[in-house]
Each structure stands twice: as structure tokens, then as C-alpha cells.
Amino acid sequence: MTARPKRIDLLGVATASGASVRGCGMGPEALRVAGLIEALIDLDHMVADHGDLRRPQPEISTNPSSGRLPDERKSDVLSLAQRVSDAGLGILDEGHFPVFIGGDHSIAMGTVSAVVRHCLPAGRPVHVLWIDAHADYNTPDTSPSGNLHGMPLALLCGEPGFDDSFAGDWLGRIDPRNVCIFGARSVDRDERRLVQARGVDVVDMRKIDQLGVVAALAKVIDRAKAAGAHLHVSFDVDSLDPAIAPGGGTLVPGGLTYREAHLMMEMLHDSGVVGSLDVVELNPFLDHGGKSATLLVDLVASLFGRSIMGEEPGPMEFVSEQ
């Protein structure tokens with residue numbers, strides 16, 4: 001029989017402080033409006049919605065959040081990262097499956113940290129599947145833009161260049177050799193050097209074109225299974241081709257197709273190694289009539305068992321270890 005998560009816990013992180021384009025702070029509510037909770041309940045899952053974490057309401061000003069000083073935006077990102085890490089750890093320790101909905105990709109500083117903190121006492125390795133058009137492996141020294149949504153993997157993998165403000169008990173560390181960046185097609189020069197030097201597995205769009213999604217993703221799943229790992233999936237809307245998902249602020253042509261993305265989610269469901277999920281960078285202000293939000297809801301539903309014929313192939317195991 002197919003094992004199911006005891007409960008799926010949604011935690012929104014309504015922030016765009018790590019990005020330069022406003023709007024993705026509205027992403028969590030857009031996913032709810034698009035029917036995320038209803039889709040999961042329709043699959044007979046128990047669901048809890050913890051609402052949204054957000055930065056304190058700023059003073060009224062004519063200066064938009066994207067134009068705030070870098071130190072102010074960094075403070076927002078790190079404050080939320082700590083709160084997300086603590087909240088996510090609580091969800092995992094209770095044996096539930098966290099779905100973190102953003103918000104820009106800087107929220108992964110907190111989400112992945114929560115997973116690491118949960119798995120550390122049991123000595124369970126954490127593998128990360130980073131589905132994204134970008135590597136997000138810049139440091140403050142290498143980043144062309146200085147935007148923190150392009151730095152979470154570098155911080156989590158322990159790269160130098162981050163000052164003491166990024167440290168704390170909330171922060172978890174991962175082995176870069178246990179990270180796979182899937183769907184990449186826009187990587188900065190210095191970022192590319194770091195990724196290659198650290199042994200990060202990069203499955204770019206050329207590899208996907210050559211090997212196909214099944215062969216490329218199967219290697220990632222097989223490695224996680226062999227290691228007995230908790231696989232954290234971090235899904236950025238810009239991994240998808242802009243023709244099917246226009247609702248992102250850093251779109252790059254030539255992304256995953258509708259069927260490639262669904263097949264990935266179906267394979268991940270069947271694998272039984274996924275223990276937590278991010279859905280990030282949805283910008284409803286840039287979306288076209290909810291097109292991207294609706295697609296993301298469908299993809300999450302595929303990860304949690306929706307299939308064309310309604311089969312429940314097994315075995316699978318989504319329940320987090322205590």
C-alpha cells in the first residue's frame with residue numbers, strides 16, 4: 001500500500017526582499033486562490049495552513065521595497081530565514097510534510113536549514129533538488145546584482161564571503177556534492193566556477209535535451225535512495241518555459257515543458273524520497289490571468305499523487321522520520 005504523509009503543512013513566506021522586482025511577496029496568496037489547498041484535499045490529504053510569515057509593516061513611504069537600502073533588505077531576509085527555519089523544524093519534528101510557498105528564493109535559506117536541523121540528530125543526510133533556471137550559488141563577492149535570492153545555495157553550502165550576520169543556530173549546512181541544480185540555463189561566470197569547484201551536480205537544459213527528463217532525474221533519485229537521504233525539492237517557477245509560466249521576475253527562454261515538469265513531479269511522487277518542498281518566485285503581478293499559479297498547483301498535485309488514471313503506484317514514503 002502507498003504510504004501517505006500524516007499531514008501536509010503549508011507555510012507561506014510573503015517576501016520579495018531578496019529580489020529586485022516587486023510582486024512575488026503575493027505568491028503565497030495567489031497559490032491559495034488558484035486552489036492549492038483544494039487540490040490537496042481532493043487527493044484525500046490532511047492539510048493545515050499556517051498562514052504567511054512576512055516582515056513587519058514598514059513605515060509609510062514613497063520608496064518601494066525594491067528600492068530600499070541593501071542592508072534593510074538583508075535584515076528582512078535573515079529575520080524571515082530564522083523564523084522559517086524554526087517554524088519548518090517544528091512541522092518536521094511533528095512528523096508532517098512542509099510545503100513552503102514563497103516569496104523569492106531567498107526563503108530557502110530558512111527552509112533547507114529547517115530540514116538539516118531536523119535530520120541532523122538522526123544522522124540522516126539531506127539531498128537538495130534545486131529546480132531552477134539559475135544556480136543561485138553566488139556570494140556577496142561574486143554576485144553581479146547583490147540580490148540575496150541568487151545566494152541561498154552558496155550560503156547553505158558554506159561558501160566564504162558571508163559576514164557574521166548570516167550566522168546563527170537557525171542556519172543549517174549541506175554538502176554541495178548532495179545538491180543537484182536541475183534545469184539551469186543562466187549561470188554567472190564566477191558562479192559557474194564555484195559550482196564546478198565544489199562538485200555540485202548541474203543538470204542543465206542541454207543535458208535534459210540529450211538525456212531526457214527520465215534518465216536525468218532517475219540519477220538524482222537513485223543517489224538519494226542509496227544514501228537513505230531526505231530529499232528536499234526547491235521548485236522555482238522560472239525553471240518552466242516562459243511560454244507556459246510567464247509569472248516570474250527572472251524568466252529565461254527554453255525552460256521545462258508542461259509534460260517534462262509533470263513527469264518530474266510524478267517520478268518524485270513514486271520515488272518515496274521527497275520529504276519537503278519549496279514553491280517560489282511566483283509573481284502574480286507579472287502572471288497572465290493566473291496561468292502560472294494554476295500550473296504550479298497542478299504540479300504540486302502531481303507530486304502528491306495526482307495521476308491521469310488515478311493509480312497509486314508504490315511503494316512510496318513521504319512521512320518524515322521522527
Side-chain angles (χ1 to χ4, degrees), residues 1-8 43 45 88 91-93 95-100 108 111-132 153 156-157 172-184 195 198-204 207-208 210-236 239 256 259-279 299-307 311-322:
M1 294 292 294
T2 300
R4 301 171 69 81
K6 290 169 59 177
R7 193 177 74 189
I8 299 170
L43 292 167
H45 290 290
I91 292 170
L92 286 159
D93 284 350
H96 303 312
F97 189 113
V99 175
F100 303 98
T111 66
V112 177
S113 291
V115 175
V116 172
R117 294 168 68 195
H118 169 72
C119 292
L120 189 61
R124 189 179 185 192
V126 174
H127 286 206
V128 175
L129 176 59
W130 197 267
I131 307 173
D132 199 323
L153 270 182
L156 292 162
C157 290
R173 298 294 193 190
I174 52 177
D175 187 334
R177 294 168 297 180
N178 291 338
V179 175
C180 176
I181 300 168
F182 202 98
V195 165
R198 303 299 185 252
V200 176
D201 182 22
V202 180
V203 180
D204 60 19
K207 287 185 181 178
I208 294 172
Q210 291 176 323
L211 300 176
V213 162
V214 172
L217 185 58
K219 292 181 180 179
V220 179
I221 291 171
D222 289 346
R223 285 192 68 237
K225 281 185 174 180
H230 174 123
L231 181 62
H232 177 83
V233 176
S234 197
F235 191 97
D236 190 316
S239 65
L256 296 167
R259 268 314 310 163
E260 285 174 332
H262 269 289
L263 180 55
M264 287 184 65
M265 294 299 147
E266 291 158 355
M267 289 177 65
L268 289 168
H269 168 267
D270 295 348
S271 74
V273 294
V274 180
S276 47
L277 172 68
D278 302 333
V279 182
L299 291 174
V300 173
S302 290
L303 179 65
F304 284 102
R306 181 190 287 174
S307 60
E311 303 104 330
E312 291 186 343
M316 61 167 274
E317 175 59 58
F318 268 129
V319 180
S320 301
E321 290 185 356
Q322 292 284 0

So which heavy atom on [X] is nearest to which on [Y], and how close?
| X | Y | result |
| --- | --- | --- |
| Lys225 | Ser271 | CE-O, 3.1 Å |
| Ala301 | Leu43 | O-CD1, 3.5 Å |
| Phe97 | Val274 | CE1-O, 3.5 Å |
| Cys180 | Val203 | SG-CG2, 3.7 Å |
| Ala227 | His127 | CB-NE2, 3.9 Å |
| Gly228 | Arg124 | O-NE, 3.2 Å |

Measuring only between side-chain heavy atoms, which start at C-beta, is [X] closer than 4.5 Å to [Y]?
| X | Y | value |
| --- | --- | --- |
| Val300 | Arg306 | no |
| Met267 | Ile221 | yes |
| Val126 | Val128 | yes |
| Arg173 | Val116 | no |

Interatomic spacing from [atom1] in [X] to [atom2] in [Y] - rounded to 0.5 Å:
| X | Y | atom1 | atom2 | result |
| --- | --- | --- | --- | --- |
| Ile131 | Met264 | CD1 | CE | 3.5 Å |
| His262 | Leu303 | NE2 | CG | 11.5 Å |
| Ile181 | Asp204 | CD1 | CG | 10.5 Å |
| Lys219 | Phe182 | NZ | CZ | 10.5 Å |
| Ile174 | Ser113 | CD1 | OG | 8.5 Å |
| Glu266 | Leu299 | CD | CG | 9.5 Å |

Using distance alone, with no hydrogens and no angle criterion, decide if Ser276 and His230 have a side-chain donor and acceptor under 3.5 Å apart. yes
Those residues that, when tested against Asp278, pass side chain to side chain donor-acceptor pair (under 3.5 Å) (two or more places apart): Thr111, His232, Ser234
Can you name the side chain to side chain donor-acceptor pair (under 3.5 Å) partners of Arg177, sequence neighbours left out? Asp175
Should Arg223 and Asn178 be marked as a side chain to side chain contact (heavy atoms under 4.5 Å, CB included) after you check the CA-CA gap, both sets of side-chain angles, and the distance that decides it? CA-CA 9 Å; Arg223 285 192 68 237; Asn178 291 338; 3.6 Å; yes
Show the numbers, then the answer: is there a side chain to side chain contact (heavy atoms under 4.5 Å, CB included) between Phe100 and Leu277? CA-CA 6 Å; Phe100 303 98; Leu277 172 68; over 6 Å; no
The single option from Asp201, Leu217, Val179 that satisfies side chain to side chain contact (heavy atoms under 4.5 Å, CB included) with Leu129 is Leu217
Excluding sequence neighbours, so at least two apart, what forms side-chain contact (heavy atoms from CB on, under 4.5 Å) with Ala215? Leu211
Strictly under 6.0 Å, is that where the ring centroids of His45 and Phe304 end up? yes
